[in-house]
Amino acid sequence: MTTADIISFEPATGAELWRGTPCDVDDVVARARRAWPAWAAQPLSTRMELVRRFANEVRKDAEALATMIARETGKPLWEAHAEVEQLVAKVEVSIRAYAERTSQRKLDSALQGKMALRHKPHGVLVVLGPFNYPCHLPNAHIVPALIAGNVVVFKPSEKAPASGEMLARCFNRAGISAAVMQFAPGGPLEGQRLIAHEGIDGVLFTGSANTGIAINRKLATRPDKLVALEMGGNNAMVMWDTPKLADAASLIVQSAFSSAGQRCTAARRLIVKASLYDQIVPMVKSLADRVIVGAPFDEPAPFMGPVIDNAAADGLSESFLYLMSHGGRAIKHLQRPDGTLPFLSPAIIDTTAMTDRPDVELFGPILQVIRVEDFDEAIAEANNTRFGLAASLVGGTPQEYNRFWANMRAGIVNWNRATIGPSHAAPVGGVGLSGNHRPSGYYAADYCAYPVASGEMEQPRAVIGVGIRP
Ligand code: NAD
């Protein structure tokens, strides 16, 4: 097995930022297994107190943490600050979710007598993080998992280990030991070895559909291991009648190009009513033309930074050319001013004429526009994907929104709101290739613990009334 160093680079400069050796998977899992019984035996109030202390550690370290996230992902500093705020907010949401969804309950009934419902932790959970939100998204699994009494092995993205390490230190400084919340750097190889390890009880994953499918396949014969998958999307925004076209254009640009399009919920496809096309598309283009692309600490602050690395920029450029050479019409070209760095401009392409649009997630600043004649066609087109993460209707009447809501196959369905920025006070997840029906966010409490039903009497009591000889 390879032990090549894990190295992360600053996308905006290409400079090396962090270097470390991959974790020893056997050691990591053994340490976690030893730590689990004592952690699970802590009173719930202690675990809650410790995650609240974690929130305080994040608050104390907010500036340094945001700076690291911005350097390592290339996202603007203001956006990295927003990510740090989400870490803190997750704690109270998770405490409330645990109480509301996994609390103890008495289920006494005349038929069954005394019954109780309680929840138990699974044990050792592996959290695999993506690069685009290297702290907030792993944390969205980690906090609820710890509250429920699991110990966590956290393998950050190999593209953002430095941010992951800082996150892990906040937990450890709060008094949650490095065995209970373990930082385990590594790449896909360590990911594969962790999920296949006999000593783990489950995998909480956020990343691409391809990886999620590989994990699901690997664990297909292991129903004893919990698998929660949060994956990507090919998300649709449907543009319908509204007098507020400028606001609509702003929602579209925000949805498609925030974080340089590197959000799972980013709008990839803009489905436009034909009669609005000539008004809204030029407005979206004109706003996209004004988007400032820059390095995280530039002044004035950029709207979006680079994509994560040159390989991603190359792949997106190739995808754009593919769309153009298969019937797409460029409205705004994908530009890369410096071929040695992964800065890309927002790009817009009309793919209405393409007969066979690839149903893939282009994880970058590329928006496809598709023209439709009526609302039925719009809904059919929006659902024309194997993914099912986020969808948004912009404009339209309340009746049209009702139809949209009822017919859209997605875990997040919005009206006159961006597709991005889901609230973790609500469930966050998708259907189709976007998830495996274990949404995160508020519902993460559900997959972090399993319910135990108990019939309970203080003394045994004879129950057989018939069929016994005197
Ligand atoms: P990725 O799938 O490449 O990697 C995610 C994690 O899985 C990394 O830690 C990686 O090392 C690990 N990994 C890779 N191959 C593995 C394997 N075979 N077995 C086990 N682990 C493996 O994802 P990424 O490029 O880092 O992140 C971007 C993707 O994440 C996009 O598709 C995006 O839509 C998705 N995403 C989803 C959500 C959501 O909540 N649904 C949120 C953010 C990002």
Side-chain angles (χ1 to χ4, degrees), residues 6 8 11 22-23 25 72-73 75 83 86 90 126-141 153-161 163-164 183-197 200 202-219 225 227-235 258-268 307-309 311-312 315-316 360-364 385-390 410-412 419-424 426-444:
I6 303 290
S8 87
C23 66
V25 167
E72 197 166 40
T73 62
K75 67 176 69 172
E83 178 166 353
Q86 286 172 305
K90 182 72 194 176
V126 172
V127 171
L128 298 173
F131 74 78
N132 63 328
Y133 272 82
C135 291
H136 167 49
L137 290 171
N139 191 61
H141 296 300
V153 172
F154 165 40
K155 194 201 81 58
S157 163
E158 62 280 10
K159 294 174 187 169
S163 307
F183 173 67
L189 183 67
E190 285 69 32
Q192 286 167 24
R193 297 192 61 216
L194 278 168
I195 66 159
H197 203 287
I200 70 144
V203 184
L204 313 182
F205 168 79
T206 307
S208 63
N210 282 345
T211 307
I213 291 166
I215 293 171
N216 211 35
R217 191 177 291 134
K218 183 83 195 166
L219 295 178
K225 294 194 198 286
V227 181
L229 304 173
E230 311 300 331
M231 301 184 280
N234 189 10
N235 311 302
S258 292
S259 312
Q262 297 171 112
R263 295 223 192 164
C264 54
T265 47
R268 309 285 174 206
V307 295
I308 190 68
D309 55 24
L316 288 159
V360 291
E361 179 188 48
L362 298 181
F363 206 58
T385 170
R386 298 162 302 160
F387 295 91
L389 189 54
I412 298 164
T419 50
I420 59 166
S423 164
H424 273 248
V428 180
V431 293
L433 285 190
S434 299
N436 67 338
H437 301 279
R438 293 190 185 278
S440 185
Y442 175 71
Y443 276 13

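Residue numbers run from 1 in the order of the sequence given. Bear in mind that the values here come from a model prediction, so they are computed numbers and not experimental data. Start at 1 and go down the list; that is how both ligands and their atoms are numbered.
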Atoms in ligand 1 flagged as close to [X], the criterion being non-hydrogen separation under 4.0 Å:
X	answer
Gly232	34 (O)
Thr206	5 (C), 37 (C), 38 (C), 39 (C), 40 (O), 42 (C), 43 (C)
Glu230	37 (C), 39 (C), 40 (O), 41 (N)
Leu137	42 (C), 43 (C)
Leu128	20 (C), 21 (N)
Pro156	9 (O)
Ser157	9 (O)

Of the backbone atoms (N, CA, C, O) and the side-chain heavy atoms from C-beta on, which set of [X] has a member under 4.0 Å from an atom of ligand 1: side chain, backbone, both, or neither?
X	value
Ser434	neither
Tyr133	neither
Met231	backbone
Asn210	neither
Leu194	neither

Next on the checklist: Evaluate Val153 against Ile200 for side chain to side chain contact (heavy atoms under 4.5 Å, CB included), listing each step before the verdict.
Outcome noted: CA-CA 9 Å; Val153 172; Ile200 70 144; 5.9 Å; no
At what distance is the nearest protein heavy atom to [atom], and which residue and atom is it?
atom	result
atom 19 (N) of ligand 1	Gln192 CG, 3.5 Å
atom 28 (C) of ligand 1	Phe363 CE2, 3.7 Å
atom 27 (O) of ligand 1	Pro130 CB, 3.4 Å
atom 44 (C) of ligand 1	Asn132 OD1, 3.5 Å
atom 35 (C) of ligand 1	Gly207 O, 3.1 Å
atom 7 (O) of ligand 1	Phe205 CE1, 3.4 Å
atom 32 (O) of ligand 1	Glu361 OE1, 2.5 Å
atom 23 (O) of ligand 1	Ser208 N, 3.4 Å

Test your reading of the structure: does [X] have an N or O sitting under 3.5 Å from an N or O of ligand 1?
X	result
Glu158	yes
Arg263	no
Gly129	yes
Leu389	no
Lys159	no

Considering [options], which one's heavy-atom position lies nearest to [atom]?
atom	options	answer
atom 39 (C) of ligand 1	Gly191, Cys264, Pro422	Cys264
atom 4 (O) of ligand 1	Val360, Ile412, Thr211	Thr211
atom 24 (P) of ligand 1	Phe154, Phe387, Phe131	Phe131

With rounding to the nearest 0.5 Å, note down the distance linking [atom1] in [X] to [atom2] in [Y].
X	Y	atom1	atom2	answer
Lys75	Ile308	NZ	CD1	9.0 Å
Cys23	Phe154	SG	CZ	11.5 Å
Leu433	Thr385	CG	OG1	7.5 Å
Asn132	Lys159	CG	NZ	10.5 Å

Do [X] and [Y] have side chains that approach each other closer than 4.5 Å (heavy atoms only, starting at C-beta)?
X	Y	result
Leu362	Leu316	yes
Glu158	Pro22	no
Leu128	Ile215	yes
Ser163	Cys135	yes
Phe205	His141	no

Next on the checklist: If the contact criterion is a heavy-atom separation under 4.0 Å, does Ser440 count as touching ligand 1?
Outcome noted: no
With no hydrogens and no angle check, is any side-chain donor or acceptor of [X] less than 3.5 Å from a backbone partner on [Y]?
X	Y	value
Thr206	Glu230	no
Arg193	Pro188	no
Lys155	Gly186	yes
Glu361	Ser208	no

Next on the checklist: Working note: His437 + Val431, criterion side chain to side chain contact (heavy atoms under 4.5 Å, CB included); need CA distance, chi angles, decisive distance, verdict.
Outcome noted: CA-CA 6 Å; His437 301 279; Val431 293; 3.8 Å; yes
Item to check | Residues in ring-ring contact (aromatic ring centres under 6.0 Å, His included) contact with Phe387, at least two apart in sequence or another chain | outcome: none
Checklist entry - Do we see a donor-acceptor contact under 3.5 Å between the side chains of Ser8 and Glu72? => result yes
